[in-house]
S.K.: 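Pasting a structure below so you can have a look.
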Amino acid sequence: MGKKNLRISLLGAGTVGSGVWSLLQENADLLYAQTGCRFEVRHVLVRSLDKPRKAPIPTELLTTDAQRAVLDPEVDVVIELLGGLEPARTLIEQALQAGKHVITANKMVMALAGDRLITLASAQKVRLLYEASVAGSLPILTSLQGALAGNRITRVVGIVNSTTNFILRTMEEGLEQGTPAEDSYRIALQKAQELGYAEADPTSDVEGYDAQYKMAILARLAFLQYVPVEAVYREGITHLSGRDMVWAKRLGYGIKLLGTAERLPDGRLNVRVHPTLIPLENPLCVIRGAFSGVWLQGNGFQDMLMHGMAAGARPTASAVVGDLIEVARHPKPLPIPDPSLQPGETAPIESLTFRYFVRAQGTEPALESVRRALGEWGILRLEEDPEAGEFVAFTAPLQEGYFQEQMAKLRAQSGGAIQVIRVLE
Ligand code: NAP
Ligand code: HSE
């Protein structure tokens with residue numbers, strides 16, 4: 001860059017903003033050794049000037065004036081860590097228009113407005129980097145655009161939301177210790193919020209929106225095809241019960257909220273987020289707590305699993321600071337159009353085939369009607385618990401659209417409770 005200082009506006013001093021501040025101070029010498037630059041924070045944008053902060057940010061740097069923080073001509077890089085769509089999107093756009101590099105951890109903005117912002121950054125000849133927006137400290141976006149870019153990626157399967165992973169694990173542990181599942185769900189969500197893993201509105205985590213945004217970003221870079229968020233199928237974890245987890249474990253499976261993106265044989269791309277039964281011996285099953293794991297398949301490297309801390313102050317700050325180093329080293333973007341913004345066809349989940357775990361609970365006549373229907377479609381395994389008025393089954397591979405339609409009819413006819421969870425192939 002030819003400068004000894006890179007001047008920064010930090011938008012946000014919450015969990016991630018405080019982590020970035022601390023890492024910049026603690027690793028200042030290392031960052032200088034890596035880049036030849038000193039990183040100097042000029043403004044820290046917050047909502048409240050009086051709020052106690054997790055990092056010792058000098059009060060004179062704090063401001064509530066977004067325009068001052070974003071448009072200060074002395075600032076080279078704007079780091080957006082506010083969260084939510086607005087005002088984050090507008091401030092990023094203003095910063096790019098003002099010729100500043102932008103780094104963001106905001107998956108919502110990058111999934112919903114990334115195409116426009118990437119194009120704007122390219123036109124402005126500045127960098128727009130967002131490694132922290134997907135899987136925290138894991139260098140997944142950088143790898144897809146760099147070291148792995150020579151591979152044709154065939155499938156990406158990831159645990160990309162830490163809050164739900166933390167909740168599901170805590171529910172499993174709670175069940176082992178006799179705690180009711182609903183109590184462990186509530187306790188785990190509260191803990192995930194205290195630890196700074198959850199979004200400001202945790203609905204985004206538990207209903208799968210956060211993972212949906214991340215998968216749209218990940219799929220775009222893995223398959224070089226623009227993926228609109230609404231093309232990503234989404235289910236969260238709130239409909240899961242402790243009984244699902246008890247049965248899954250008994251049958252040799254764990255339950256994870258998985259994001260999957262894959263190129264189908266007909267060339268279309270399918271991207272989806274939903275709870276999934278995973279064999280206990282699958283490497284994704286050991287990914288616990290605030291960790292994320294992304295399992296990639298490509299025609300050169302074959303199989304790869306990235307696994308690491310993906311939420312919380314310092315792991316996320318690690319990715320943000322990595323982007324900052326990249327800006328310091330390579331401030332000029334390559335003058336080529338971003339191939340990941342190419343349109344392409346996506347396939348709806350209804351056209352896919354899955355094996356399903358089915359758990360039915362109800363009166364014997366209700367259970368019998370479900371058993372009969374499943375028998376006609378093909379059952380690979382059936383286990384009964386007569387005392388609980390319940391059975392579980394694994395189906396043969398079935399087409400999603402047909403199967404879900406039939407299950408909806410069965411639910412209405414039998415009056416029983418029927419849970420359905422897809423199984424990882
Ligand atoms: P957070 O703890 O809620 O912090 C948000 C910060 O932004 C706060 O300092 C807040 O000010 C400030 N802010 C919010 N809206 C503002 C506005 N309109 N004007 C001025 N300041 C505003 O959020 P976070 O957990 O650090 O997350 C930040 C971003 O990183 C989000 O996009 C999130 O999805 C992403 N991310 C988070 C994690 C994680 O583990 N937490 C991991 C990866 C990515 P006050 O402090 O004064 O309220
Ligand atoms: N709320 C997000 C999660 C933060 O739990 O994964 C990391 O992106």
Side-chain angles (χ1 to χ4, degrees), residues 9-22 43-55 57 59 61-70 79-92 103-112 130-138 140-141 158-168 188-189 191-215 217-218 236-237 257 259 273 287 289-294 308-320 323:
S9 268
L10 204 52
L11 312 187
T15 302
V16 185
S18 299
V20 169
W21 170 271
S22 300
H43 309 282
V44 180
L45 178 69
V46 290
R47 258 183 311 226
S48 154
L49 295 172
D50 308 325
K51 204 168 171 176
R53 302 277 155 205
K54 288 182 197 128
I57 301 171
T59 48
L61 294 184
L62 296 177
T63 178
T64 55
D65 183 346
Q67 295 305 302
R68 181 165 164 244
V70 169
I79 304 182
E80 185 279 309
L81 304 169
L82 303 174
L85 191 57
E86 291 295 353
R89 174 173 55 181
T90 302
L91 295 177
I92 291 175
I103 294 168
T104 177
N106 195 322
K107 48 261 167 163
M108 190 179 194
V109 166
M110 288 313 296
L112 293 172
Y130 46 99
E131 183 61 75
S133 66
V134 179
S137 66
L138 275 62
I140 179 75
L141 304 187
I159 294 170
V160 291
N161 181 267
S162 299
T163 300
T164 46
N165 205 43
F166 184 78
I167 291 174
L168 292 174
L189 175 56
K191 203 160 169 203
Q193 288 174 300
E194 284 162 13
L195 291 167
Y197 305 156
E199 296 302 305
D201 175 2
T203 310
S204 184
D205 296 295
V206 297
E207 295 297 356
Y209 293 99
D210 178 80
Q212 185 188 36
Y213 299 140
K214 289 170 175 168
M215 287 311 295
I217 297 170
L218 202 47
I237 62 162
L257 184 70
V273 171
I287 292 165
F291 282 72
S292 264
V294 183
M309 284 286 279
R314 294 177 77 89
T316 315
S318 160
V320 172
D323 280 349

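Whatever order the structure lists them in is the order used to number ligands and atoms, beginning at 1.
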S.K.: Is S22 reaching over with its side chain to a backbone N or O of S18, donor-acceptor style, under 3.5 angstrom?
M.R.: yes
S.K.: What residue and heavy atom of the protein are closest to atom 6 (O) of ligand 2, and at what distance?
M.R.: S162 N, 2.8 Å
S.K.: Under 4.0 Å from a heavy atom of A132: give me the atoms of ligand 1 that qualify, with their elements.
M.R.: 43 (C), 44 (C)
S.K.: Using a 3.5 Å distance criterion without hydrogens, assess whether the side chain of S9 forms a donor-acceptor pair with backbone atoms of A69.
M.R.: yes
S.K.: Nearest non-hydrogen contact with atom 21 (N) of ligand 1 belongs to which option: V46, T15, V109, D210?
M.R.: V46
S.K.: Any donor-acceptor pair under 3.5 Å linking the side chain of E131 with the backbone of I140?
M.R.: yes
S.K.: Please indicate, with yes or no, if any protein heavy atom is found under 4.0 Å from atom 47 (O) of ligand 1?
M.R.: yes
S.K.: Suppose we measure from atom 42 (C) of ligand 1 to each protein heavy atom; which comes out shortest, and what is that distance?
M.R.: T316 OG1, 3.1 Å
S.K.: Hey, is the main chain of A13 close enough, under 3.5 Å, to the side chain of R53 for a donor-acceptor pair?
M.R.: yes
S.K.: Of the backbone atoms (N, CA, C, O) and the side-chain heavy atoms from C-beta on, which set of R47 has a member under 4.0 Å from an atom of ligand 1: side chain, backbone, both, or neither?
M.R.: both
S.K.: For K107, counting its heavy atoms only, list the atoms of ligand 2 lying under 4.0 Å from any of them.
M.R.: 2 (C), 4 (C), 7 (C), 8 (O)
S.K.: Could you tell me whether G12 and ligand 1 have an N or O pair separated by under 3.5 Å?
M.R.: no
S.K.: Of all the non-hydrogen atoms in the protein, which one sits nearest to atom 35 (C) of ligand 1, and at what distance?
M.R.: A105 O, 3.3 Å
S.K.: What atoms in ligand 2 come closer than 4.0 Å to a heavy atom of N161?
M.R.: 2 (C), 3 (C), 5 (O), 6 (O)
S.K.: For ligand 2, does T163 get within less than 4.0 Å through its side chain, its backbone, both, or neither, judged by non-hydrogen atoms?
M.R.: both
S.K.: Can a donor-acceptor pair be found, under 3.5 Å and without considering hydrogens, that links the side chain of S162 to the backbone of A290?
M.R.: yes
S.K.: Starting from atom 13 (N) of ligand 1, find the nearest protein heavy-atom neighbour and note its residue, name and distance.
M.R.: L82 CD2, 3.6 Å
S.K.: List every atom of ligand 2 that sits less than 4.0 Å from any heavy atom of K214, numbering the atoms from 1 in the order shown and giving each element.
M.R.: 2 (C), 3 (C), 6 (O), 7 (C), 8 (O)
S.K.: What residue and atom, counting heavy atoms only, is the protein's closest point to atom 37 (C) of ligand 1, and at what distance?
M.R.: V16 CG2, 3.5 Å
S.K.: Below 4.0 Å, non-hydrogen atoms only: which portion of A290 touches ligand 2? Side chain, backbone, both or neither.
M.R.: neither
S.K.: With a 4.0 Å cut-off on heavy atoms, is G196 touching ligand 1?
M.R.: yes
S.K.: N/O of S133 under 3.5 Å from N/O of ligand 2, yes or no?
M.R.: no
S.K.: Please say which of V44, V320, D323 ends up in a side-chain contact (heavy atoms from CB on, under 4.5 Å) with I79.
M.R.: V320
S.K.: Quick one: does any side-chain atom of N165 pair with a main-chain N or O of I287 as donor and acceptor, under 3.5 Å?
M.R.: yes
S.K.: Quick one: look up the protein heavy atom nearest atom 9 (O) of ligand 1 and list residue, atom name and how far away it is.
M.R.: A13 N, 2.8 Å
S.K.: Verify, without hydrogens or angle tests, whether S292 (side chain) and I159 (backbone) share a donor-acceptor contact under 3.5 angstrom.
M.R.: yes
S.K.: Between D210 and ligand 2, which residue portion shows a heavy-atom distance shorter than 4.0 Å: side chain, backbone, both, or neither?
M.R.: side chain
S.K.: Should G136 be listed as contacting ligand 2, given a heavy-atom distance under 4.0 Å as the test?
M.R.: no
S.K.: side-chain contact (heavy atoms from CB on, under 4.5 Å) with K214: which of D210, L218, I217?
M.R.: D210
S.K.: What's the shortest distance from atom 3 (O) of ligand 1 to any protein heavy atom, and which residue and atom give it?
M.R.: A200 CB, 4.6 Å
S.K.: Are side-chain N/O atoms of D65 and T63 paired as donor and acceptor at under 3.5 Å?
M.R.: no
S.K.: Measure the distance from atom 4 (C) of ligand 2 to every protein heavy atom, then report the residue, atom name and distance (to 0.1 Å) of the closest one.
M.R.: Y197 O, 3.2 Å
S.K.: Going by an N to O cut-off under 4.0 Å, is there a salt bridge joining R89 and E86?
M.R.: yes
